[in-house]
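Only one structure is covered here, and it is reproduced in the block below.
In what follows, chains carry the letters A, B, and so on, assigned in the order in which the sequence lines appear, proteins first and then strands, with residues in each chain numbered from 1.
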Amino acid sequence: MRQSKAFFQTLRDAPADAELTSHKLLARAGFIQALGAGIYSYLPLARRSLDKIEAIIREEMNAIGGQEITMPVAQPGDLWKQTGRWDAAYPELVHWQDRSGRDMTLAMTHEEVVADLARRQISSYRQLPQLVYHLQTKFRDEPRSRGGLIRVREFTMKDSYSLDMDDAGLDRQFEAHRIAYHRIFLRCGVPAISVRADVGIMGGKDSVEFMALTPAGEDTLLLCDSCGYRANREVAVLQKPQPAEERALPLEKVATPDCKTIAELAAFLGVPESRTAKAVFFVAETDVKPGKERKDDAAVAVDSSQAASSRFVFAVTRGDMEVNETKLRAALKIGKLRPATEEEIRAVGAEPGYGSPVGVAGALVVVDDLVASSPNLVSGANEEGYHLLNVNCGRDYQPDIVADIVAAADGDACSRCGNPLHVARGVEVGNIFKLGTRYSEALGALYDDPAGVKRPIVMGSYGIGVGRLLATAAEIYNDDGGLMWPVSIAPFHVSLVVLPRPGKSGAAPLDVAEKLYAELQAAGIEVLYDDREDASPGVKFNDADLIGLPLRITVGARSLEQGGVELKRRDQAERQLVAVDDIVATVAAELAAMQAELDKTVPDSA
RNA sequence: CGGGGCGUAGCGCAGGUUGGCAGCGCGCUUGGUUUGGGACCAAGAGGUCGGAGGUUCAAAUCCUCUCGCCCCGACCA
């Protein structure tokens with residue numbers, strides 16, 4: 001591509017609203033153009049990189065038996081009603097009515113359509129297993145998009161769906177994806193670790209997320225260096241400390257003026273925060289309509305007669321720990337939880353800042369298992385300015401649910417080996433779910449087994465955010481000068497920079513550059529040719545660095561006088577002089593070496 | 001949804017309190033001089049000051065409403 005004709009321009013200044021390095025650089029280098037919040041156009045450079053990422057994904061998906069299809073973006077709402085994903089619990093699902101009043105939605109994922117396809121295409125166990133995938137635009141009306149391409153509303157996702165007779169088949173496809181995903185990410189130059197994760201909106205049994213470790217990541221991970229335990233903070237399990245061995249002491253009320261926080265309370269009373277209990281208040285919204293679609297996770301704790309109402313939740317953890325809302329939701333078996341308002345807190349007889357489950361009525365009391373077994377904690381008195389000493393769960397109040405509801409923190413003990421966990425930030429570049437039969441049952445995707453018995457197809461779902469992967473690579477590979485693409489996903493292989501010097505060296509550099517441009521392309525090397533006549537050398541070099549192609553060839557009078565052209569790797573400072581006749585071969589060899597370097601990191605497929 | 005901030009030329013910004021010709025840098029156009037790390041001279045083009053309403057002789061500036069965007073939090077395949 002001739003840069004003089006290219007449909008993008010580089011910017012000296014990044015747009016003011018760009019925060020992340022990847023966002024700034026992709027915008028400055030002319031890869032992307034924002035249209036609205038979380039909605040971007042992909043300009044030629046980005047498109048080319050995305051094509052390469054998608055090609056890698058297709059190769060790896062095909063290698064594990066995937067068949068590519070395309071499923072619609074616009075979908076009838078009825079399908080989503082049948083699986084229970086239409087209701088208000090999913091506000092990021094955009095919907096509208098078509099001209100005849102039918103409910104429609106923009107797909108944010110395609111489980112419904114796959115299940116519908118499966119019920120139409122699959123009737124016998126002889127047709128299983130299957131693996132289909134597509135690369136398709138999705139739309140999620142994120143409450144808050146941010147971080148350039150890391151978190152957007154409209155995005156392209158590769159998702160694959162496995163269809164199996166049974167769990168054993170699902171396990172095989174799940175494992176095949178796990179390996180394929182590591183290969184995909186590493187082939188793109190993005191190391192990603194797999195972590196245990198929450199199943200969230202997808203439902204299902206098992207979920208693994210693939211996380212690229214970078215401080216720009218939005219997810220918090222807990223990692224154990226000793227045994228390899230890795231989990232998203234949402235589900236990370238920690239080994240809790242042993243509670244003190246003490247006899248329960250009598251309850252005692254003490255004045256604790258202006259001690260609204262655990263830190264103030266602990267300091268005032270001179271006790272460690274670990275000897276306090278804190279209450280956190282939520283309201284569980286049970287507006288999800290009861291019905292067959294929610295049957296599997298019908299709340300044990302919430303009486304179905306209360307459906308379409310809400311329930312006050314009183315969560316109690318030790319003072320030095322934080323509530324993990326995902327775990328709390330799991331304990332409640334409820335999808336929606338919001339912080340309670342002060343009025344709601346007072347309505348159940350508690351006092352904000354001085355809350356405890358002692359003496360409250362009408363609330364669902366969920367107690368962390370560590371609190372349940374810890375004697376003589378300091379807890380609120382539900383009265384402004386007072387706390388209670390020696391509160392004991394079971395004696396002074398009765399929990400409705402005892403469960404692990406605290407968030408693991410840096411330094412907590414690993415649940416598997418006891419060594420300390422540490423936290424890291426990661427970008428979720430992919431995830432894999434064992435869906436089971438939730439969707440196939442809801443939509444009637446059944447097959448006849450060998451005995452002629454109808455059984456629901458066992459499904460799995462596996463996603464990769466293509467644009468997010470690009471942005472993550474940009475986040476990882478850059479320096480002060482700009483981007484620094486891995487050879488496998490760089491939009492072009494080579495920046496060919498010509499420095500003509502009219503009047504002094506005549507046409508020589510331009511002639512050589514034009515010749516090289518043709519020869520390199522003929523050799524299958526992708527060239528971004530900076531043939532701009534009006535750009536100074538400094539501008540060209542800076543733009544080349546900013547765009548970040550793996551190699552740069554400079555054709556100038558100076559190097560020609562020395563007998564060749566200059567070759568430089570973007571990730572190295574050295575420049576080498578290469579004879580014009582050798583440059584194509586040298587570039588090919590350099591590219592092959594870089595590709596080989598990358599390939600070494602990629603594990604064999606199973 | 002809660003808190004905070006910002007909308008003035010393609011990008012970055014000033015002007016706003018104190019109402020009075022809409023500016024600066026980069027980029028863009030034309031001509032000339034330059035040519036190995038974001039050159040120089042000269043001449044230009046480009047803005048319904050996000051939108052609507054109001055106050056006023058006069059509004060980018062003051063008031064009301066509204067739309068958009070960003071950050072933190074909440075939430076999240």
- Message: Classify A/E566 by what it touches in the nucleic acid, base, sugar-phosphate, or nothing, heavy-atom distance under 4.0 Å.
- Response: base

- Message: Both distances below 3.5 Å, Watson-Crick or wobble geometry, any strand: find the nucleotide opposite B/C69.
- Response: B/G5

- From CG of A/L25 across to P of B/C11 the rounded distance in Å is 18 Å

- Message: From CZ of A/F8 over to C1' of B/C28, roughly how many Å is that when rounded to an integer?
- Response: 17 Å

- Nearest to side-chain heavy atoms of A/P15, which nucleotide of B/C69, B/G37, B/G12: B/G12

- Using purine N1 to pyrimidine N3 plus N6-O4 or O6-N4 for Watson-Crick, or N1-O2 and O6-N3 for G-U wobble, each under 3.5 Å, what pairs with B/C21? none

- What pairs with A/E142 under salt bridge (Lys or Arg N to Asp or Glu O under 4.0 Å), at least two apart in sequence or on another chain? A/R140, A/R151

- Message: Please classify the nucleic acid contact of A/A14 as base, sugar-phosphate, or nothing, using heavy-atom distances under 4.0 Å.
- Response: sugar-phosphate

- Task: With side chain to side chain contact (heavy atoms under 4.5 Å, CB included) as the test, would you mind laying out the steps for A/L20 and A/E475 before giving the verdict?
- Result: CA-CA 8 Å; A/L20 294 183; A/E475 195 66 43; 3.8 Å; yes

- Note on the structure: Sorted by chain and number, sequence neighbours left out, side-chain hydrogen bond (donor to acceptor under 3.5 Å, both in side chains) with A/D171 holds for A/K434

- Message: Of the options B/C11, B/G36, B/C71, whose atoms approach the side-chain atoms of A/S559 most closely?
- Response: B/G36

- Task: Report the base-pairing partner of B/A42 (Watson-Crick or G-U wobble, both distances below 3.5 angstrom), or none.
- Result: B/U30

- With A/E60, which residues qualify under salt bridge (Lys or Arg N to Asp or Glu O under 4.0 Å), at least two apart? A/R183, A/R187

Check: protein-nucleotides 38-48 of chain B nitrogen or oxygen pairs below 3.5 Å:
unit_1: B/G38; atom_1: O4'; unit_2: A/N542; atom_2: ND2; d: 3.2
unit_1: B/G38; atom_1: O2'; unit_2: A/R12; atom_2: NH1; d: 2.8
unit_1: B/G38; atom_1: O2'; unit_2: A/R12; atom_2: NH2; d: 3.3
unit_1: B/G38; atom_1: O6; unit_2: A/R28; atom_2: NH2; d: 3.0
unit_1: B/G38; atom_1: N1; unit_2: A/D543; atom_2: OD1; d: 3.4
unit_1: B/G38; atom_1: N2; unit_2: A/D543; atom_2: OD1; d: 3.2
unit_1: B/A39; atom_1: OP2; unit_2: A/S536; atom_2: OG; d: 3.4

- Note on the structure: Picking from B/C69, B/G10, B/G12, the nucleotide nearest the side-chain atoms of A/A37 would be B/C69

- Query: Quick one: ring-ring contact (aromatic ring centres under 6.0 Å, His included) pairs with a partner in residues 527-572 of chain A, sequence neighbours left out?
  - Reply: A/Y517-A/Y529

- Query: Do A/L117 and A/Y161 have side chains that get closer than 4.5 Å, going by heavy atoms?
  - Reply: no

- Please work out if A/R552 contacts a base, only the sugar-phosphate, or nothing of the nucleic acid, heavy-atom cut-off 4.0 Å. base

- Message: Among residues at least two apart in sequence or on other chains, which ones pass side-chain contact (heavy atoms from CB on, under 4.5 Å) with A/D13?
- Response: none

- Task: For A/G556, answer base if it contacts any base atom (sugar-phosphate contacts may also be present), sugar-phosphate if it contacts only those atoms, and nothing otherwise; contact means non-hydrogen atoms under 4.0 Å.
- Result: base

- Query: Considering every strand shown, what is the Watson-Crick or G-U wobble mate of B/U64 when both distances are under 3.5 Å?
  - Reply: B/A52

